[in-house]
Amino acid sequence: MNAIANVIDRLNDWFGRILAPLIAVTTLVVLYDIALRFFIGRPSDWAFDITKMLFGAHFMLMAAYGLQKRVHVEVDILKRLLSRKMQAVIEIVGYLIFFVPFIWMLLTFGWGFFSRSFSRGETTYGIVAIPVYPVKAVIVVAAVAILLQAIALVIRAIQQLREEQIS
């Protein structure tokens, strides 16, 4: 089981390290839009839409990396006061109560959003009609990556419980 958790960790770490620097692309698009507003007095037709899409995709895709690095919001103040066994129990129960319904909804609704957008050929409004379905597909990809990382965390919590029982 530890091998599975390690593979998931390496996958999300690799994925996060590739995606993290891509925020620079979003920054360049924003700078382009600012330059057009400053020099021409008019923003571009596509930059604002692309910026929203790129930032949203970046944020969603980096969520699994953040979960893997344990930089997500958590009530550590109370949790650190507990034994390692109780920390593992809280982790498992927390994932069962809060994470399972959340990820189920994210996968179900995300897939619905993507498939409806893809089947209709949904685009942004305006002169430059940018396809929307790739960003909606990111919801599903991000949900799968987050689910995998949660599986790795639960595997580690179960291992922690086993180690505490042996001790």
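When reading the values below, keep in mind they use all heavy atoms of this one structure, side chains included, and skip hydrogens, waters and symmetry mates.
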Q: Assign the ring pair Phe118 / Tyr133 to parallel, tilted or perpendicular, where the plane angle (0 to 90°) is split at 30° and 60°.
A: perpendicular
Q | Heavy-atom closest pair, residues Thr123 and Val132 | A | C-CG2, 3.6 Å
Q | Shortest non-hydrogen separation from Val140 to Leu107 and the atoms involved | A | O-CD2, 4.2 Å
Q: Decide whether Phe109 and Phe98 are clustered together by the hydrophobic rule: side chain heavy atoms of Ile, Leu, Val, Met, Phe, Trp, Tyr closer than 4.5 Å, transitively.
A: yes
Q: Consider only side-chain N and O atoms of Asn12 and Gln68, and report whether a donor and an acceptor are under 3.5 Å apart.
A: no
(Q) With side chain to side chain contact (heavy atoms under 4.5 Å, CB included) as the criterion, how do Tyr65 and Val71 come out once you've worked through the C-alpha distance, each side chain's angles and the decisive distance to 0.1 Å? (A) CA-CA 9 Å; Tyr65 182 73; Val71 295; over 6 Å; no
Q | Closest contact, heavy atoms only, Ala47 versus Thr51 | A | O-OG1, 2.6 Å
Q) Are Leu22 and Leu61 connected in a single hydrophobic cluster, I mean Ile/Leu/Val/Met/Phe/Trp/Tyr linked by side-chain heavy atoms less than 4.5 Å apart? A) yes
Q: Enter the distance from Ile139:CD1 to Phe113:CZ here, rounded to the nearest 0.5 Å.
A: 6.5 Å
Q: Supply the atom-to-atom distance Thr108 OG1 to Ile103 CD1, rounded to the nearest 0.5 angstrom.
A: 10.0 Å
Q: Supply the atom-to-atom distance Phe59 CZ to Leu19 CG, rounded to the nearest 0.5 angstrom.
A: 14.0 Å
**Q.** Minimum heavy-atom distance Gln160-Arg84, with the two atoms named
**A.** OE1-NH2, 3.3 Å
(Q) Could you measure the distance from the CG atom of Asp33 to the CG atom of Asp45? Nearest 0.5 Å is fine. (A) 10.0 Å
**Q.** Non-hydrogen atoms of Ile92 and Ala157 that approach each other most closely
**A.** CG1-CB, 3.6 Å
Q: Could you go through the side chain to side chain contact (heavy atoms under 4.5 Å, CB included) check for Phe48 and Val29 one step at a time?
A: CA-CA 8 Å; Phe48 184 68; Val29 175; over 6 Å; no
**Q.** Connected via hydrophobic side-chain network under 4.5 Å: Trp14 and Val138
**A.** yes
Q: To the nearest 0.5 angstrom, please state how far the CZ atom of Arg37 sits from the OH atom of Tyr32.
A: 12.0 Å
Q: Please answer: with hydrophobic residues joined when any side-chain heavy atoms are less than 4.5 Å apart, are Ile146 and Val100 in the same cluster?
A: yes
Q | Cluster link Met53 to Val128, ILVMFWY, side chain under 4.5 Å | A | yes
Q) Which is it for Val135 and Lys52 under the side chain to side chain contact (heavy atoms under 4.5 Å, CB included) test, yes or no, and what are the steps along the way? A) CA-CA 10 Å; Val135 175; Lys52 287 190 302 186; over 6 Å; no
Q. In Å, rounded to the nearest 0.5 Å, how long is the span from NZ of Lys85 to CZ of Arg162?
A. 14.0 Å
Q: Please check if atom CZ in Phe99 has more than 12 non-hydrogen atoms from other residues, nucleotides or ligands closer than 6.0 Å.
A: yes
**Q.** Minimal non-hydrogen separation, Asp49 against Tyr125, with atom names
**A.** OD2-O, 4.0 Å
Q: Mark yes or no for whether Asn6, through its side chain, and Asn2, through its backbone, hold a donor-acceptor pair below 3.5 Å.
A: yes
(Q) Take a 6.0 Å sphere around CH2 of Trp111 and say whether it holds more than 12 heavy atoms from other residues, nucleotides or ligands. (A) no
Q. Checking side chain to side chain contact (heavy atoms under 4.5 Å, CB included) for the pair Gln149/Ile8: CA distance, chi angles, key distance, verdict?
A. CA-CA 6 Å; Gln149 192 58 51; Ile8 292 170; 3.9 Å; yes
Q) Are side-chain heavy atoms of His58 and Val25 found at a separation under 4.5 Å? A) no
Q. Does a sphere of radius 6.0 Å around CD1 in Ile127 hold more than 12 heavy atoms from other residues, nucleotides or ligands, not counting ones at 6.0 Å or beyond?
A. no
Q: Might you work through the salt bridge (Lys or Arg N to Asp or Glu O under 4.0 Å) test for Arg156 and Glu91, ending with a clear yes or no?
A: CA-CA 10 Å; Arg156 292 217 166 76; Glu91 186 121 337; over 6 Å; no
